[in-house]
Enquirer: 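Dumping the structure here so I can ask a few things about it.
If you're wondering where the values come from, they're calculated on a predicted model, not measured in any experiment. In the text below, chain A, chain B and the rest are named by the order of the sequence lines, each starting its count at 1.
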Amino acid sequence: MKPIGPRFFARDADAVARALIGTTLMFGKSGGIIVETEAYDTTDPASHSYGERQTRRNAVMFGAPGHAYVYFIYGVHWCLNFVCKDASAVLIRALEPTHGLAAMARRRGNDDPRKLCSGPGKLCEALGITGVHNGLSLFAPPLALINRSRRPAIATGVRIGLTKAADLPRRYGLANSPHLSRGFPELPI
DNA sequence: GGGGAGATTATCT
DNA sequence: GATAATCTCCCCG
């Protein structure tokens, strides 16, 4: 399989969010298989780019696809997104840890593999991702993406933790993965 | 093992 | 001054 390139992200966030399930994300020497994602775009009241309103925080979303959009939330956590076309983005919600487990456990202060990367805040802490990485290309170190070899069955559900547009089914994942932030009550689609 | 409070700050109105 | 795409701990039973 070819490596994932910039064209991979030059489409809508839902397509990318599904295509990312099963791919491996590396950050430095740590990384894992993406098992959970969510899609956001300018038509979505829950999105930072809703209504195409540009601010200092969301500037990266309006730039070229294939870059990391990292933001700070609840005064505590960082969240990692991949920018797609037209100011849309995919939130990376969970990984199955595969590389650099010891380093991730050290950064997390927890060595349970199921608790290392099973949430957007957790995986940023595990990988060491912070605001200084906002805007980085996904195709240059320390970031790297490795394509999946087979297409997995994708489960769909409503997104998590939202107060706006909480009913949109824009969360995607591996239904039976033990590394999800939460399970998928809905059947795989 | 489930529910709820509290943490803590960048960003925007 | 309000809000936020989260997490952990503590309480309960």
Enquirer: Side chains of A:Asp86 and A:Ser88: donor-acceptor distance under 3.5 Å anywhere?
Expert: no
Enquirer: B:dT11, C:dA5, C:dT8: which one has an atom nearest the side-chain heavy atoms of A:Lys122?
Expert: C:dT8
Enquirer: Take A:His77 and A:Ile73, find for each the nucleotide of DNA chain C with the closest heavy atom, and name the residue whose nucleotide sits nearer the 5' end.
Expert: A:Ile73
Enquirer: Taking atom P of B:dT9 as reference, at what distance in whole Å does atom CH2 of A:Trp78 sit?
Expert: 11 Å
Enquirer: Between C:dA5 and A:Arg171, is there an OP1 or OP2 to side-chain N/O distance shorter than 4.0 Å?
Expert: no
Enquirer: How about CZ on A:Arg108, more than 12 heavy atoms from neighbouring residues, nucleotides or ligands closer than 6.0 Å, or not?
Expert: yes
Enquirer: From the list B:dA7, C:dA5, B:dC12, which nucleotide is the closest neighbour of the side chain of A:Val76?
Expert: B:dA7
Enquirer: Measure up the A:Trp78 and A:Phe72 rings against each other and bin them: parallel (under 30°), tilted (30 to 60°), perpendicular (over 60°).
Expert: tilted
Enquirer: Specify the separation, in whole Å, of atom OH of A:Tyr40 and atom P of C:dA4.
Expert: 12 Å
Enquirer: Rounded to whole angstroms, how far apart are OH on A:Tyr69 and C1' on C:dA5?
Expert: 9 Å
Enquirer: Output the single nucleotide from C:dA5, B:dC12, B:dT8 whose closest atom is nearest the side chain of A:Arg57.
Expert: B:dC12
Enquirer: Just to be sure I understand the rule, does A:Gly75 reach a base, reach only the sugar-phosphate, or reach nothing, if contact means heavy atoms closer than 4.0 Å?
Expert: base
Enquirer: Look at all strands and tell whether A:Arg53 reaches a base, only sugar-phosphate, or nothing, counting heavy atoms closer than 4.0 Å.
Expert: sugar-phosphate
Enquirer: Would you say the side chain of A:Tyr74 and the base of C:dA5 hold a donor-acceptor pair, judged only by whether the two atoms sit under 3.5 Å apart?
Expert: no
Enquirer: What is the distance, to the nearest angstrom, from the CZ atom on A:Arg56 to the P atom on B:dT9?
Expert: 18 Å
Enquirer: When rounded to the nearest 0.5 angstrom, what distance separates CZ in A:Phe27 from CD1 in A:Ile129?
Expert: 5.0 Å
Enquirer: Can you see if the side chain of A:Thr55 gets near the phosphate of B:dT11 - specifically, an N or O under 4.0 Å from OP1 or OP2?
Expert: no
Enquirer: For a quick test of reading the model, state the closest non-hydrogen atom pair linking A:Leu143 to A:Ala68 and the distance between them.
Expert: CD1-CB, 4.2 Å
Enquirer: Heavy atoms from C-beta onward define the side chain here; which of C:dA5, C:dC7, B:dC12 lies closest to that of A:Arg108?
Expert: C:dC7
Enquirer: When we call it a touch if two heavy atoms are under 4.0 Å apart, what does A:Thr163 touch: a base, just sugar-phosphate, or nothing?
Expert: sugar-phosphate
Enquirer: Taking a pair as Watson-Crick or G-U wobble with both distances under 3.5 Å, which nucleotide is matched to B:dT8?
Expert: none
Enquirer: Could you check how far CG of A:Asp44 sits from P of C:dA5, rounded to whole Å?
Expert: 10 Å
Enquirer: Looking at A:Lys164, does any N or O in its side chain come under 4.0 Å of the phosphate oxygens OP1/OP2 on C:dA4?
Expert: yes
Enquirer: Looking at every non-hydrogen atom in both residues, tell me the closest pair between A:Cys79 and A:Ile73 and how far apart they are.
Expert: SG-CG2, 3.9 Å
Enquirer: What is the distance, rounded to the nearest whole Å, between atom NZ of A:Lys115 and atom C1' of C:dT8?
Expert: 10 Å
Enquirer: For A:Glu125 and C:dT8, give me the distance from atom CD to atom C1', rounded to whole Å.
Expert: 11 Å
Enquirer: Is A:Arg182 touching bases, backbone alone, or none of the nucleic acid, heavy atoms closer than 4.0 Å?
Expert: nothing
Enquirer: Please give the nucleotide sitting opposite B:dG2 as a Watson-Crick or G-U wobble pair, both distances under 3.5 Å, or none.
Expert: C:dC11
Enquirer: Using a 5.5 Å cut-off between ring centres and planes within 30 degrees, is A:Tyr71 stacked on the base of C:dA5?
Expert: no
Enquirer: Would you kindly give the CG-to-C1' distance between A:Leu168 and C:dA5, to the nearest whole Å?
Expert: 13 Å
